Amino acid sequence: MMFTSHMQIALTEARAAAARGEVPVGAALIDPSGRLVAADGNRTRERSDPTAHAEVLVIRAACAALKTERLPGFSLYVTLEPCPACAAIIAAARIARLYYGAADPKSGGIAQGPRIFTHPQCHHIPEVYDDIAAPEAQALLKTFFAARR
């Protein structure tokens, strides 16, 4: 089976999040057949909800639509390394593969900080692929924060 990256969908969602004044992080959730199930960007400010990260929103949307709490075989594309809370949710949802763009040295939970998937309490570890379209994801974040400083 040929690999197809869906990071451009996540980047589109990140740009839309920036346009709404949100930190530009986007996510796309792909089912085992390669079909897009959900895509969204951060909405923490819009919803006054600190858990409204892009990853959480697409996992919630897919679980609600499919009436399940687990998503085995699914692939998640995120423009920024997930935070520790999102990493734990990704594991709880049993996501098969995680693809992310930019590393997050300040708040990341996969390759930085607590490295959630390395803990013995982590019951599921997805395949992780980093640095997917990282330059574009990093540029979105740098531009967003430069305009606010």
Side-chain angles (χ1 to χ4, degrees), residues 1-18 20 22-141 144:
M1 184 158 109
M2 189 160 88
F3 172 73
T4 302
S5 176
H6 298 276
M7 188 60 80
Q8 287 304 317
I9 298 167
L11 286 163
T12 297
E13 293 295 336
R15 287 188 285 276
R20 292 189 301 271
E22 300 278 357
V23 174
V25 177
L29 189 64
I30 310 300
D31 76 8
S33 71
R35 184 178 62 91
L36 175 67
V37 177
D40 211 338
N42 278 358
R43 294 181 183 273
T44 59
R45 291 180 179 178
E46 173 186 316
R47 295 186 179 180
S48 300
D49 178 357
T51 70
H53 289 193
E55 305 95 305
V56 174
L57 295 173
V58 299
I59 290 170
R60 285 178 181 163
C63 287
L66 300 170
K67 299 191 184 330
T68 184
E69 76 280 7
R70 298 214 173 121
L71 301 166
F74 283 66
S75 297
L76 178 62
Y77 290 79
V78 187
T79 58
L80 182 64
E81 176 182 355
C83 72
C86 289
I89 292 165
I90 291 164
R94 306 300 197 265
I95 300 291
R97 285 165 300 284
L98 168 64
Y99 300 89
Y100 70 86
D104 188 352
K106 180 181 171 217
S107 302
I110 308 296
Q112 319 287 325
R115 301 172 195 225
I116 296 300
F117 299 144
T118 66
H119 282 257
Q121 295 89 350
C122 186
H123 298 293
H124 172 78
I125 302 169
E127 295 173 30
V128 178
Y129 303 91
D130 61 354
D131 206 33
I132 309 294
E136 191 172 350
Q138 290 167 339
L140 281 171
L141 290 159
F144 178 82

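We count residues from 1, following the sequence as given. It should be emphasised that the depicted structure is a prediction, and the values quoted were computed from it without experimental measurement. Because only heavy atoms are used, hydrogens play no part in the values below, and waters and symmetry mates are left out as well, while side chains stay in.
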| query | Regarding Thr68 and Arg94, is there a side-chain donor-to-acceptor distance under 3.5 Å anywhere? | reply |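 No, no side-chain donor-acceptor contact under 3.5 Å.
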
| Side-chain donor-acceptor pair under 3.5 Å between Thr51 and Asp49, yes or no? |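 A donor-acceptor contact under 3.5 Å links the two side chains.
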
| said: If you apply the rule side chain to side chain contact (heavy atoms under 4.5 Å, CB included), what do you find for Ile116 with Ile90, and how did you get there? | reply: CA-CA 10 Å; Ile116 296 300; Ile90 291 164; over 6 Å; no

Heavy-atom donor-acceptor pair, [X] side chain to [Y] backbone, under 3.5 Å:
| X | Y | answer |
| --- | --- | --- |
| Glu22 | Thr44 | yes |
| His124 | Ile95 | yes |
| Arg97 | Gly73 | yes |
| Glu81 | Ile110 | yes |
| Thr79 | Gly101 | no |
| Arg115 | Ala111 | yes |
| Asp104 | Ser107 | yes |
| His119 | Pro114 | yes |
| Arg70 | Cys63 | no |

Find the distance between [atom1] ([X]) and [atom2] ([Y]) and round it off to the nearest 0.5 Å.
| X | Y | atom1 | atom2 | answer |
| --- | --- | --- | --- | --- |
| Phe117 | Glu127 | CZ | CD | 12.0 Å |
| Arg60 | Leu29 | CZ | CG | 14.0 Å |
| Asn42 | Leu80 | CG | CG | 8.5 Å |
| Leu11 | Ile9 | CG | CD1 | 10.0 Å |
| Asp40 | His53 | CG | NE2 | 12.5 Å |
| Tyr77 | Met7 | OH | CE | 7.5 Å |

Quick check: closest heavy atoms across [X] and [Y], and the distance to 0.1 Å?
| X | Y | value |
| --- | --- | --- |
| Ala18 | Pro24 | CB-CB, 3.7 Å |
| Arg47 | Leu57 | NH1-CD2, 3.2 Å |
| Ala27 | Glu13 | O-CG, 4.2 Å |
| Gly26 | Ala14 | N-CB, 3.5 Å |

| Does the side chain to side chain contact (heavy atoms under 4.5 Å, CB included) test come out yes or no for Val78 and Val58, once each step is laid out? | CA-CA 10 Å; Val78 187; Val58 299; over 6 Å; no

| request: Take Ser75 and Tyr99 through the side chain to side chain contact (heavy atoms under 4.5 Å, CB included) test and state the conclusion after the steps. | output: CA-CA 8 Å; Ser75 297; Tyr99 300 89; 3.9 Å; yes

| Partner of Phe74 by side-chain contact (heavy atoms from CB on, under 4.5 Å), out of Ile59, Leu98, Leu66, Ile30 |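 It is Leu66, the one option of Ile59, Leu98, Leu66, Ile30 that forms the side-chain contact (heavy atoms from CB on, under 4.5 Å) with Phe74.
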
| task | Report the C-alpha separation of Arg15 and Glu136 in whole Å, then their side-chain angles, then the decisive distance to 0.1 Å, and conclude whether the salt bridge (charged side-chain N to carboxylate O under 4.0 Å, His left out) test is met. | result | CA-CA 11 Å; Arg15 287 188 285 276; Glu136 191 172 350; 2.9 Å; yes

| said: Would Leu76 and Tyr100 count as a side chain to side chain contact (heavy atoms under 4.5 Å, CB included) here? Give the steps. | reply: CA-CA 8 Å; Leu76 178 62; Tyr100 70 86; over 6 Å; no

